[in-house]
Amino acid sequence: MAWAILFVAGLLEVGWAIGLKYTEGFTKLWPSIGTLAAMTGSILLLGWAMKTLPVGTAYAVWVGVGAVGTAILGIVLFGEPATAGRLVSLGLIVAGIVGLKLASA
């Protein structure tokens, strides 16, 4: 269950990272509220997952899910470049996340 909670925390991290773009420096009310809610939820769920998962593993997976998700949405939503180097690097992050999960099982 802690892994599922951690994954949702990572998805919320993606939400707030992308949300920051839409807040326009926290000048837009609803995007700012959504971003702050996602930040709060992400941190709370990360803390909950860390009750049973090793701190280093949980944090690395949380950051990894957030980084990969944010980079992919940056490509899809904002037209950021999807170069081979970026995609390979994202694949390496995913491999690291899977490796941490397998090593912690």
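The list of side-chain hydrogen bond (donor to acceptor under 3.5 Å, both in side chains) pairs with a residue in residues 79-97, not counting sequence neighbours, is empty. The list of salt bridge (charged side-chain N to carboxylate O under 4.0 Å, His left out) pairs with a residue in residues 34-49, not counting sequence neighbours, is empty. Applying the side-chain hydrogen bond (donor to acceptor under 3.5 Å, both in side chains) test to pairs two or more places apart or on separate chains, those with a residue in residues 37-48 are Ser42-Trp62. Applying the salt bridge (charged side-chain N to carboxylate O under 4.0 Å, His left out) test to residues at least two apart or on different chains, none of the pairs has a partner in residues 44-59.
Ile75 contributes atom CD1, which lies 11.0 Å from atom OG1 of Thr70 (distance to the nearest 0.5 angstrom).
Without hydrogens or angle criteria, Ser104 side chain to Lys101 main chain gives no donor-acceptor distance under 3.5 Å.
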Using the rule given for side chain to side chain contact (heavy atoms under 4.5 Å, CB included), can you reason through Trp3 versus Val61, listing the C-alpha separation, both sets of side-chain angles and the distance that settles it, and then say yes or no?
CA-CA 9 Å; Trp3 283 102; Val61 169; 3.9 Å; yes
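Residues passing the side-chain contact (heavy atoms from CB on, under 4.5 Å) test with Ala2 are Thr52, Leu53, sequence neighbours excluded. The side-chain contact (heavy atoms from CB on, under 4.5 Å) search around Ser32 returns Thr23, Phe26, not counting sequence neighbours. Shown here are the side-chain contact (heavy atoms from CB on, under 4.5 Å) partners of Ile72, two or more places apart in sequence or in another chain: Val68, Val76, Leu90.
Hydrophobic clustering (side-chain heavy atoms under 4.5 Å, transitive across Ile, Leu, Val, Met, Phe, Trp, Tyr) groups Leu6 together with Met50. Taken together through direct or relayed side-chain contacts under 4.5 Å among Ile, Leu, Val, Met, Phe, Trp and Tyr, Met1 and Leu100 form parts of separate hydrophobic clusters. With hydrophobic clusters built from ILVMFWY side chains whose heavy atoms lie under 4.5 angstrom apart, Leu46 shares a cluster with Phe7. The hydrophobic clustering, which links ILVMFWY residues whose side-chain heavy atoms are closer than 4.5 Å, places Val63 and Ile5 apart. With hydrophobic clusters built from ILVMFWY side chains whose heavy atoms lie under 4.5 angstrom apart, Leu44 does not share a cluster with Val8.
Membership of the apolar cluster around Trp30 extends to Leu29, Ile33, as traced through chained side-chain contacts below 4.5 Å between ILVMFWY residues. Listed by chain and number, the hydrophobic cluster partners of Val88 are Leu92, where partners are ILVMFWY side chains within reach of under 4.5 Å, directly or through others.
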Could you list the donor-acceptor pairs under 3.5 angstrom formed by side chains in residues 9-21, with sequence neighbours left out?
none

